[in-house]
Amino acid sequence: MEPVGRPSGPDRYDPQSIEPHWQAYWQEHGTYEVDNDDPRPRAYVLCMYPYPSGAAHMGHVRNYTFGDLLTRYRTMRGDAVLSPMGFDSFGLPAENAAIRTGRHPRAFTDERIEQLRSSITRIGGVYDWRREVRSHDPTYIRWTQWIFLQLFRAGLAYRGHATVNWDPVDQTVLANEQVLADGTAERSGAVVEQRDLEQWFLRITDYAQQLLDDLDGLDWPERVVIQQRNWIGRSEGVEFDMAIVDGSGAPRSDLPGDAAVRVFTTRPDTSFGMTFCVLAPEHPLVATITTDDHRDEVDRFVARARGTSEIDRLTVEGDLSARGCRTGAWARNPFTGRPVPVLLADYVLGSYGTGAVMAVPGEDQRDWDFAQAFGLPVIETVERPEGFEGGAWTGDGRHVNSPAPADAGPERCDLNGLDVAGAKRVAADWLVERGLGEPVVNYRLRDWLVSRQRFWGCPIPILYCDACGVVPVPEDHLPVLAPDDVEFTPTGQSPLLSHEGFLHTTCPDCGGPARRETDTMDTFVDSSWYFLRFCDPWSSDAPFRQDAVASWMPVDQYIGGAEHAVLHLMYARFLTKALSDLGVAPGDLREPFRRLFTQGMIRLDGTKMSKSKGNLVAPEEIIDTLGADTLRLAHLSVKPPEEDVDWEDVGLEGCSRFLHRVWRLALPDAAATWTLHDGAATEADDAVRRATHRLIVDVSESFDRWSYHVAVARFMAFVNEVQRAAREEPGLRRDTFDEAVDTLLLLLAPAAPHVAAELWSRRHGGEHVHERAWPAADESLLVEETVTLIVQVDGKVRDRVEVPSTADEAACVAAALASPRVVSLLGGAEPARVVARPPKVVNVVRP
RNA sequence: GCCCGGGUGGCGGAAUGGCAGACGCGGCGGACUCAAAAUCCGCUGUCCGUGAGGGCGUGUGGGUUCGAGUCCCACCCCGGGCACCA
C-alpha cells in the first residue's frame with residue numbers, strides 16, 4: 001500500500017517518521033498528565049478500560065479515536081482533562097490459555113497488556129499513564145477485597161443458597177445478567193444448567209428503586225436507559241392469602257387451620273375471574289398441600305421440572321398439558337369465598353413474587369392457554385371491545401361478572417361498571433381494609449451472584465472456621481493472593497481447590513484451623529470501581545481519597561460499547577451508590593457516569609469483527625502503511641459514531657489523499673507552489689477568510705454534537721476551496737493563506753494529531769499545536785454581505801438572486817418580483833400571495 | 001406481541017420547516033507523462049429536450065403548511081432490545 005510516485009525526501013508526508021516522534025513527545029512531556037490540584041476547570045473523559053486481548057482490533061481503534069479526540073479537544077478548550085487508561089486484566093481467556101499451554105495466566109496477561117498498550121499508543125491515544133490500573137495488580141486486588149469486606153459488614157454481601165446458573169463449559173456459575181434470553185451463556189455460548197449451590201451475592205436489589213429513579217437524571221442514549229428499566233422490571237401489585245381448603249370450601253383436617261398460599265398479582269381487579277391457582281414446582285407448600293391421590297403425579301412433575309434446563313423451560317412450543325400438574329388441593333378466593341383448584345406449572349417462577357399466582361384466563365393469555373390445556377373454566381370480567389375474538393383480553397374496559405355472591409355478607413366487594421384502573425384501586429383497598437393483603441412492589445432484578453469457581457480472578461477474602469463460621473479476612477491481611485505454584489488441569493477445575501498451602505490457614509478470631517474461600521469474584525466487580533481509583537491511584541490507606549474523587553467524578557463523558565448496557569453499567573451504578581452510602585465515596589456521588597456514548601460495532605461481511613472470528617483487518621497493518629492519522633480520520637468520517645460500521649465502507653484512500661493534500665498545502669516550503677502575494681486584499685481573500693471563520697464554528701459545533709463525519713467533510717471542502725483560491729489568479733494574500741492553514745491545523749489537531757503537530761511545528765519554529773488554544777471565530781466575518789435569495793413560485797425554486805444580507809421583506813419581495821423568470825411565470829397576473837422570509841426565501845403564489 | 005432506532009443517487013451518508021443529494025468512495029472524460037503511478041481539472045439522481053428549459057424524485061398512502069426528507073395520522077420493510085416476571 002506504500003504510495004508510489006509521491007514526492008520523496010524530507011518534504012514528503014511520511015507518517016512512519018513523524019508519528020512515533022510525536023507519540024514519544026506527548027509521553028515524555030507529560031502533555032496529557034493532569035494533577036489533582038490542577039487549577040483549570042475539570043473534565044473526566046473515559047473509555048471503558050479494555051480486557052487485554054493482545055494487539056488492538058478495529059473496535060478499540062474506533063473507541064479510542066473518539067475518546068482521544070475529545071481529550072485533545074477539551075484540553076485545547078482550556079480544561080484539565082483526566083484521561084486515564086487501564087486494563088480489565090482478570091478473566092477467563094487467560095485462564096483457558098493457561099489450561100491449554102501450562103503458562104501462568106499472569107505471564108500471558110502481562111504480555112498481552114504490553115501489546116495492547118503499544119497498539120493504543122500507535123493509534124495516537126494519549127493518557128495519563130501514571131494513573132494506570134490493572135485488575136490483577138496486588139494493590140488493586142487489595143482494594144477490591146477491602147470493598148468486598150465493607151459490603152460484607154454492611155450486609156450488602158452475603159452468602160446464600162440458591163438455584164443458580166451453571167456454565168458447563170466455563171465451569172463456573174454465572175449471574176442472571178450473563179445468561180441470554182435463550183438460556184445460553186453470554187460468554188461461552190453453552191446451555192446453562194441449574195444447580196443448587198451456596199454462593200456469594202451482592203444485594204443490588206436493595207438499590208432497585210434508586211437504580212430506576214436515577215436513570216432520569218442521566219444524559220445517556222435512550223436505548224440503554226430503556227434496557228436498564230426493563231431489566232430492573234418494577235411492577236406494582238398486591239399480595240394476598242388464599243386459605244387452603246377442600247373441594248367443598250371446608251378447612252382441611254390434615255393441615256393447620258391457618259394454612260394458606262400467598263399470591264402476587266398486578267391485576268386484583270380481575271380476581272372474580274380467578275378459576276384456578278398456580279404454584280411454581282419449587283414452591284415450599286407443594287409437598288404439604290398435595291393430596292394423597294395426586295402425590296405420585298406431583299412428585300414426577302416436580303422432579304422433571306427441576307431437571308429441565310432453563311432453555312427447555314422457556315420453550316413456548318410443546319404440549320402445555322405436560323408442563324403443569326394438578327395437586328388435588330383447593331384454595332379459597334377471598335373475593336368470592338369459593339374454592340378454586342391448585343395446580344403446578346413451570347411457567348410460574350419460584351424466584352419471582354411469592355412463587356404463586358392467581359390464574360385469570362379471561363384476562364391473561366398464559367392463563368388462558370393453560371386453562372384450555374387443562375379444561376379449566378374461563379370467566380370474563382372485563383367487557384370486550386366490539387369485534388374482539390381472541391382468548392384473553394388484557395386491555396381496558398368496564399368490569400362485568402365481578403360482584404361478590406349475595407351470601408358473602410355485608411363486606412362484599414363489587415367491581416362491576418368500573419374501569420381497570422378504578423377496579424384495581426377498589427379491589428386493592430378492599431383487601432387491605434380487611435387485612436387480607438397489602439400493596440407490594442416487585443422487581444425483576446435479582447441479587448448479583450458474584451462467586452466464580454475460577455482461578456484468574458480476585459479472591460473472595462473470606463475464611464471458614466469450624467468454630468467461628470464465616471470469618472472475613474482482617475483488613476491488614478489483605479490482599480489475599482492466589483499462589484503462583486499451581487497446575488492447571490484439563491478438567492478446568494480451579495487449581496485453588498486442590499492447593500493445600502492456599503486452602504489451609506488459621507482463624508484470626510480463635511486461632512483454630514480455617515479453610516479459605518476458593519471462589520473468586522466476577523470480573524465485573526473489578527470494573528465497577530476502577531473509574532474511582534483513576535481519580536487517586538496513589539492512595540495507599542484507602543481505595544481512593546474522597547476529595548480526589550469529589551473533584552473528578554462523575555465521569556463527564558463515558559465511551560464504550562452498547563453490549564454493556566445492562567451488565568457493567570448496572571453494576572457500576574450499584575457499587576457507586578453503595579460506596580457512597582458506606583461513606584467510602586462522597587455522599588453526594590450517586591451516579592458514576594453523567595454522559596454515556598455507545599459507539600457502533602465494526603462488522604466484516606455483515607458479522608461482528610472480533611478476535612474469535614479472525615479479526616481479519618489488523619489496525620497496525622494500516623498504521624504501518626497509511627499511518628494512524630489516516631486510520632483515525634477514516635473511522636471518524638465513515639458514519640455517525642453511534643452506528644454500526646461495515647469495514648468495507650471505511651474509506652481509507654480518501655482520507656489518505658486528504659492528508660497528503662493538507663501536507664502540501666501547509667508545508668512552509670510548499671508555499672512557493674501557490675499563488676501568494678502581499679498586495680491588496682481581493683474578493684478571493686474575503687471569501688477564504690469567511691470560509692476560515694465559518695470552519696471554526698462548523699467544526700466546533702460538529703465536535704460538540706458528535707457529528708465527526710460531518711466535521712471531516714467540512715475539512716475536506718475547506719481544503720478544496722483554499723487550494724483552488726491559492727492556485728487561480730489573483731491568488732491569495734500571504735496572511736489570508738497563513739490564517740487559513742493555521743486554523744485548519746488547529747482544528748485538525750484533535751482528529752489527526754500527528755500530522756497537525758508536525759506541520760504546526762515546522763511552520764512555527766517548534767511550537768506545539770496541542771498546547772495552543774482552540775481558535776475563536778471572528779463574529780463579523782460570519783455575517784455575509786450578500787446572500788442568495790431563493791425565489792419560489794408556488795413553492796418551487798424558480799430563480800436565485802443575490803441580495804444584501806440586510807435586505808428587508810420589501811426589498812426581497814421587490815427583488816423576487818423583478819426576476820424575469822417570475823415575471824414570465826406570472827404572465828401579467830397579480831400574485832395571490834407573497835410569503836417572504838428575508839433574506840433567505842420568497843415564495844410567490846399564483847392565483 | 002411490546003419497546004427503541006432506521007428507510008434519501010451505483011455505495012457510505014449531508015441537509016436543526018426554506019436551494020435535496022454537502023463531503024467521500026466508485027464511475028466516465030480530459031491535462032501532465034515515452035508509459036504508468038501519483039497529482040490536477042471537468043462531469044456524474046432520473047426522464048423529456050439539439051438547446052434554453054421542463055417533468056419526476058427522500059419506503060407507501062393520506063394530512064397540516066405559502067413551502068415537508070424534516071411535523072401529524074395510518075401502513076410496509078430492515079436492524080436492535082425485551083418477552084412466560086403474574
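Just so it is clear: chains get the letters A, B, ... in the order the sequence lines come, proteins before strands, and each one is counted from 1.
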[options]: which one has an atom nearest the side-chain heavy atoms of [X]?
X: A/Ile790; options: B/A86, B/C19, B/C40; result: B/C19
X: A/Asn230; options: B/U16, B/C82, B/C19; result: B/C82
X: A/Lys840; options: B/A14, B/A86, B/G18; result: B/G18
X: A/Pro640; options: B/G81, B/A14, B/A86; result: B/A14
X: A/Arg724; options: B/C4, B/A86, B/C41; result: B/C41

A/Arg444 to A/Trp231 six-membered ring, cation-pi geometry met (6.0 Å, 45°):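 Checked: cation-pi criterion met.
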
Separation between the [atom1] atoms of [N] and [M], rounded to whole Å:
N: B/G5; M: B/U65; atom1: C1'; value: 28 Å
N: B/C19; M: B/G79; atom1: P; value: 33 Å
N: B/G53; M: B/C43; atom1: P; value: 16 Å
N: B/G17; M: B/G81; atom1: P; value: 32 Å
N: B/G1; M: B/A15; atom1: C1'; value: 37 Å
N: B/C41; M: B/G55; atom1: C1'; value: 32 Å
N: B/A20; M: B/G12; atom1: P; value: 22 Å
N: B/U33; M: B/U39; atom1: C1'; value: 12 Å

Looking only at side-chain N and O atoms, does [X] come under 4.0 Å of OP1 or OP2 in [N]?
X: A/Ser707; N: B/A14; value: no
X: A/Arg664; N: B/C40; value: yes
X: A/Arg12; N: B/A38; value: no
X: A/Arg727; N: B/C41; value: yes
X: A/Lys796; N: B/G18; value: no
X: A/Lys639; N: B/G12; value: no
X: A/Tyr347; N: B/A86; value: no
X: A/Arg800; N: B/C19; value: no

Nucleotides 21-27 of chain B: protein proximity per nucleotide (B base, S sugar-phosphate only, - neither; heavy atom, under 4.0 Å): -BSSSS-

Option among A/Val348, A/Val340, A/Val357 that satisfies the side chain to side chain contact (heavy atoms under 4.5 Å, CB included) test with A/Cys277: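 For A/Cys277, the side chain to side chain contact (heavy atoms under 4.5 Å, CB included) check succeeds only for A/Val340.
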
Do [X] and [Y] sit within salt-bridge range, that is, some charged N less than 4.0 Å from a carboxylate O?
X: A/Asp216; Y: A/Arg229; value: yes
X: A/Lys424; Y: A/Glu236; value: no
X: A/Asp794; Y: A/Lys796; value: no
X: A/Arg384; Y: A/Glu380; value: yes

Stem regions touching RNA chain B, defined by at least 3 consecutive Watson-Crick or wobble G-U pairs below 3.5 angstrom: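 Runs of three or more consecutive pairs: B:1-7 with B:76-82, B:10-12 with B:23-25, B:26-31 with B:39-44, B:45-48 with B:53-56, B:59-63 with B:71-75.
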
A/Tyr708/A/Trp706 aromatic ring centres below 6.0 Å: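 Between A/Tyr708 and A/Trp706, the centre distance is under 6.0 Å.
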
In whole Å, what is the span from the [atom1] atom of [X] to the [atom2] atom of [N]?
X: A/Asp704; N: B/U16; atom1: CG; atom2: C1'; answer: 15 Å
X: A/Asn843; N: B/G17; atom1: CG; atom2: C1'; answer: 13 Å
X: A/Ile232; N: B/G81; atom1: CD1; atom2: C1'; answer: 15 Å
X: A/Trp220; N: B/G81; atom1: CH2; atom2: C1'; answer: 16 Å
X: A/Ile226; N: B/G81; atom1: CD1; atom2: C1'; answer: 9 Å

Under 3.5 Å donor-acceptor pair, A/Arg837 side-chain atoms to B/G18 base atoms: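 For A/Arg837, whose side chain was compared with the base of B/G18, there is a donor-acceptor pair (under 3.5 Å).
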
Residues A/Tyr13 and A/Ser656: side-chain donor-acceptor under 3.5 angstrom: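 Note: A/Tyr13 and A/Ser656 side chains miss the donor-acceptor criterion.
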
Donor-acceptor pair between A/Thr381 and A/Glu363 side chains, under 3.5 angstrom: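 Result is yes, a qualifying pair exists.
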
